[in-house]
Amino acid sequence: MYGTKASSFVLILALILCIGSKEIAGDGPTSNGASRCCREHPELGSCVPGIDDDGDSDGRCWTFCAEDCARGGFCKAFGNTHKCHCYC
């Protein structure tokens with residue numbers, strides 16, 4: 001009985017520590033900075049190619065990515081929709 005409780009406690013503690021370390025390392029969903037680059041950002045919703053990724057007219061995707069990624073971003077096709085992708 002004691003062994004089962006101790007094992008459960010250790011597993012839960014390890015899970016909590018892993019989740020916490022992802023947030024600290026900048027891999028979590030709330031992180032900013034370099035982790036924004038080289039990734040899709042579905043949290044911005046769908047984007048329209050030629051409009052949201054246009055740097056000359058401050059498109060939504062371009063502006064979001066240009067804050068931390070030197071090359072900005074573009075609307076990448078995913079099936080029937082497009083999502084913002086920040087260049088590396």
Side-chain angles (χ1 to χ4, degrees):
M1 180 92 165
Y2 175 73
T4 304
K5 287 182 180 180
S7 297
S8 297
F9 177 74
V10 169
L11 289 173
I12 291 171
L13 183 62
L15 180 64
I16 291 170
L17 289 174
C18 287
I19 291 170
S21 68
K22 280 190 82 172
E23 293 296 325
I24 292 170
D27 294 332
T30 60
S31 62
N32 293 323
S35 65
R36 184 178 287 194
C37 304
C38 306
R39 295 175 62 179
E40 287 80 36
H41 295 279
E43 68 272 14
L44 296 177
S46 62
C47 65
V48 180
I51 295 174
D52 290 326
D53 56 2
D54 185 10
D56 294 331
S57 64
D58 293 329
R60 181 172 50 110
C61 178
W62 180 268
T63 302
F64 175 81
C65 293
E67 288 179 17
D68 294 314
C69 309
R71 295 180 58 204
F74 69 100
C75 295
K76 184 176 180 179
F78 287 95
N80 294 333
T81 186
H82 288 81
K83 301 290 180 192
C84 182
H85 178 89
C86 296
Y87 286 112
C88 297

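By convention here, the first residue in the shown sequence is residue 1.
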Inset, instruction - State, yes or no, whether a side-chain contact exists between Glu40 and His85 at a heavy-atom distance under 4.5 Å. - result: yes
Legend entry - Approximate separation, where rounding is to 0.5 Å, of Trp62 CH2 and Arg71 CZ: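 Answer rounded to 0.5 Å: 8.5 Å.
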Legend entry - Distance in Å, Arg36 CZ paired with Cys65 SG, rounded so as to fall on 0.5 Å steps: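 So the CZ of Arg36 and the SG of Cys65 are separated by 7.5 Å.
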Legend entry - Of Cys37, Cys88, Cys86, the residue whose pairing with Cys69 passes disulfide (SG to SG under 2.5 Å): Cys37
Legend entry - Closest contact, heavy atoms only, Thr81 versus Lys83: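 Minimum heavy-atom separation between Thr81 and Lys83: CG2-CE, 4.1 Å.
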Show the atom names and distances, to 0.1 Å, of all donor-acceptor pairs under 3.5 Å that link a side chain in residues 44-54 to residues at least two apart or in another chain.
| unit_1 | atom_1 | unit_2 | atom_2 | d |
| --- | --- | --- | --- | --- |
| Asp52 | OD2 | Val48 | N | 2.8 |
| Asp52 | OD2 | Arg60 | NH2 | 3.3 |
| Asp53 | OD1 | Gly50 | N | 2.7 |
| Asp53 | OD2 | Cys75 | N | 3.2 |
| Asp54 | OD1 | Asp56 | N | 3.1 |
| Asp54 | OD2 | Ser57 | OG | 3.1 |

Inset, instruction - Output all residues satisfying side-chain hydrogen bond (donor to acceptor under 3.5 Å, both in side chains) with His82, sequence neighbours left out; order by chain, then residue number. - result: none
